Novice: 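Quick one: this structure, given as structure tokens, is what I'll be asking you about.
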Amino acid sequence: MKTASIILAAGQSKRMVSDTPKVVHKLNGKALIQYAIAAAKKAASDTPVIVVGNGAELVHAEVGDQAVFAVQSERLGTAHAVLAAESAVAKDAELILVTSADMPLLTGETLTAIVIAQKANSGPLTLLTVHSSNPRGFGRILRSPNGEVSAIVEEAQATPEQLKIDELNVGVYCFKAAWMWNALPQISLSPKGEYYLTDVVEVAVKAGLKVNTLVMEDEEEALGINNRIHLSEAERILRRRINERWMLAGVTMLDPNLVYIEESVTIGKDTTLLPGTFLKGKTVVGERCTLGPNTIVVSSQIGNEVQIGPALIEKAIVEDGVDMTTFCHLRSGAHLGKGVHMGNYGEVKDSYLAAGVKMGHFSYIGNAQIGENVNIGAGTITCNYDGVHKNPTEIGENTFIGSDTMLVAPLKIGKNAKTGAGAVVTHDVADGEVVAGVPARPMKKKEKSSG
Ligand code: UD1
Ligand code: CA
């Protein structure tokens, strides 16, 4: 059965007190609307239709072509919002899943379950309910003495008796399409001046049709985001889900409340994450590593047996056995080969440090290719920028760069060469050559005669 999905997102989200639409606010690095789209795509066959209000450019920009947009130009309630989607929904859809954009913890599995329930149901709709002692403003499910659903009453209209009902309307529905398009226009205006989608239940009941329910087990999934407190609650729940998954997959966390892992990250077993570790974007961490405390890794590849102290690592590659002590900064394009050692306050950008390079303290390496086992003395700087261009530096294997060397690029230093402490190197240095001074000059003849 072809199933279409509609995601309601035309609310004003005043309670966020923000210039940004609520559904573009981020939860664990990803916009709320992305969670709704991903879940809807798991359950329905078609590209979702998102109902937005006027001026939803930021939502468009976030979503791009992952969904079709329908505009509800007046905010006249949830039933009105679904009707606004009519022309955008595929005509041949037999079932319609309706969900809202501000419930990021709802899983694709739950949405799939309600679609399956409705496929097996002869009646016109299935609605998702949850039992909870914390009603959070949700509508209450009214059932007649024989247990059948008779209505949904909104909290604002509920009597004190009805407020005690602990079965709540999650706000997710699966309808027979033809029935729904016919039923929605029959809904009358509520006392609040809105057309409530929940009143569709009464339309069914009046026609003598049975309303089916699917009761959700995990009430956390129903958490709706209306303000930034809810956002932080969702953040905590999501973080716990992710961290528990990685701990069960063999990752040690000293304090999982202080480890922040985005969904797109993967981590090998026997790796330890210390407090304050943030793993973001498409980061891959290998096995038997120790990261942290206070390490931020963004879209980087970290090999096996890597030790990283407090650090910021962005779009970098770190191979097996690298050890970075404290306060290192790898910027975009940094690539550390096997067993590289980086000490305090090193910065590397757009450079390859081959296996065994040692870069002890306070150095900046940019736009450089460094050969195997080169020693980079403290305070060494590649002067790679001449005010207009970024210029490259090349250093051959086993070369020893003395402390405080300024490598004025473009520059080539051969293998087994040496620079003296404080040298300002402005000309290429041959294999085996030793240079020192300002500007640096050869100290002695090369071992091999130059020919
Ligand atoms: C709605 C349900 C309530 C349920 C709750 C669960 C109705 C009348 N009530 O209440 O029974 O327990 O969800 O979260 O449906 N929206 C539009 N256009 C509108 C109005 C709303 O697109 O004109 C969108 C909102 O952006 C939101 C969703 O519909 O994504 C739900 O609207 P909201 O105002 O949050 O409804 P609730 O009061 O939460
Ligand atoms: Ca809501």
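The structure displayed is predicted, hence computed values, not measured ones. One is the number of the first residue; the rest follow in order along the sequence. Counting convention: from 1, in listed order, for ligands and their atoms alike.
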Novice: Is it the case that over 12 heavy atoms from other parts of the model lie below 6.0 angstrom from the CD atom of Glu74?
Specialist: no
Novice: More than 12 heavy atoms of other residues, nucleotides or ligands under 6.0 Å from CG of Asp19: yes or no?
Specialist: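 No.
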Novice: Check this for me - ligand 1, Thr198, N or O atoms closer than 3.5 angstrom, yes or no?
Specialist: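 No, since none of the N or O atoms of Thr198 sits under 3.5 Å from an N or O of ligand 1.
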Novice: So is Leu76 touching ligand 1 or not, going by heavy atoms under 4.0 Å?
Specialist: yes
Novice: Which of the listed options, Glu154, Arg140, Arg15, holds the heavy atom that is closest to atom 3 (C) of ligand 1?
Specialist: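 Ranked by closest heavy atom to atom 3 (C) of ligand 1, first place is Glu154.
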Novice: Pick, from Gln72, Glu194, Arg136, Glu74, the option with the minimum heavy-atom distance to atom 19 (C) of ligand 1.
Specialist: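 Looking at heavy atoms only, Gln72 sits closest to atom 19 (C) of ligand 1.
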Novice: If you measure every N or O of Ala10 against every N or O of ligand 1, does any of those distances drop under 3.5 Å?
Specialist: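 N/O-N/O distance under 3.5 Å: yes.
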Novice: With a 6.0 Å cut-off (strictly less than), is the heavy-atom count around OH of Tyr260, excluding the residue itself, greater than 12?
Specialist: yes
Novice: Nearest heavy atom to atom 23 (O) of ligand 1: which of Ala81, Ala156, Gly77 does it belong to?
Specialist: Gly77
Novice: At less than 4.0 angstrom from any non-hydrogen atom of Gly139, what atoms of ligand 1 do you find?
Specialist: 3 (C), 4 (C), 11 (O), 12 (O)
Novice: Does any N/O atom on Arg75 come nearer than 3.5 Å to any N/O atom on ligand 1?
Specialist: yes
Novice: Does the Lys NZ or Arg CZ of Lys30 fall within the cation-pi geometry relative to Tyr35 - under 6.0 Å from the ring centre and within 45° of the axis?
Specialist: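 Output yes; distance and angle both within limits.
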Novice: Check this for me, if you would: do Lys2 and Asp92 make a salt bridge, where the nitrogen-to-carboxylate-oxygen distance has to be below 4.0 angstrom?
Specialist: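 The answer is yes: the pair qualifies as a salt bridge.
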Novice: Are the side chain of Gln118 and the backbone of Thr126 linked by a donor-acceptor contact shorter than 3.5 Å?
Specialist: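 Such a contact is found between Gln118 side chain and Thr126 backbone.
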Novice: Output yes when the distance from some N or O of ligand 1 to some N or O of Tyr196 is under 3.5 Å, and no in every other case.
Specialist: no
Novice: Hey, does Leu8 come in under 3.5 Å of ligand 1, counting only N/O atoms on both sides?
Specialist: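 Yes, at least one N or O pair falls under 3.5 Å.
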Novice: Taking only heavy atoms of Val170 into account, list the atoms of ligand 1 that are under 4.0 Å away from them.
Specialist: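 That gives atoms 6 (C), 14 (O) of ligand 1.
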Novice: Within the structure provided, determine whether Thr272 and Leu291 are in side-chain contact (heavy-atom separation under 4.5 Å).
Specialist: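 No - every pair of side-chain heavy atoms lies 4.5 Å or more apart.
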Novice: Any chance NE2 of His60 has more than 12 other-residue heavy atoms, nucleotides or ligands included, within less than 6.0 Å?
Specialist: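 Yes, NE2 of His60 has more than 12 neighbouring heavy atoms, counting only those of other groups under 6.0 Å.
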Novice: Taking only residues two or more places apart in sequence, or in another chain, which ones meet Val149 in a side chain to side chain contact (heavy atoms under 4.5 Å, CB included)?
Specialist: Ile141, Arg143, Val201, Val211, Thr213
Novice: State whether the shortest distance between N or O atoms of Thr78 and N or O atoms of ligand 1 falls below 3.5 angstrom.
Specialist: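 N/O-N/O distance below 3.5 Å exists for this pair.
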Novice: By number and element, which atoms of ligand 1 are closer than 4.0 Å to a non-hydrogen atom of Ala9?
Specialist: 22 (O), 26 (O)
Novice: Using distance alone, determine whether Gly11 and ligand 1 share an N or O pair under 3.5 Å.
Specialist: yes
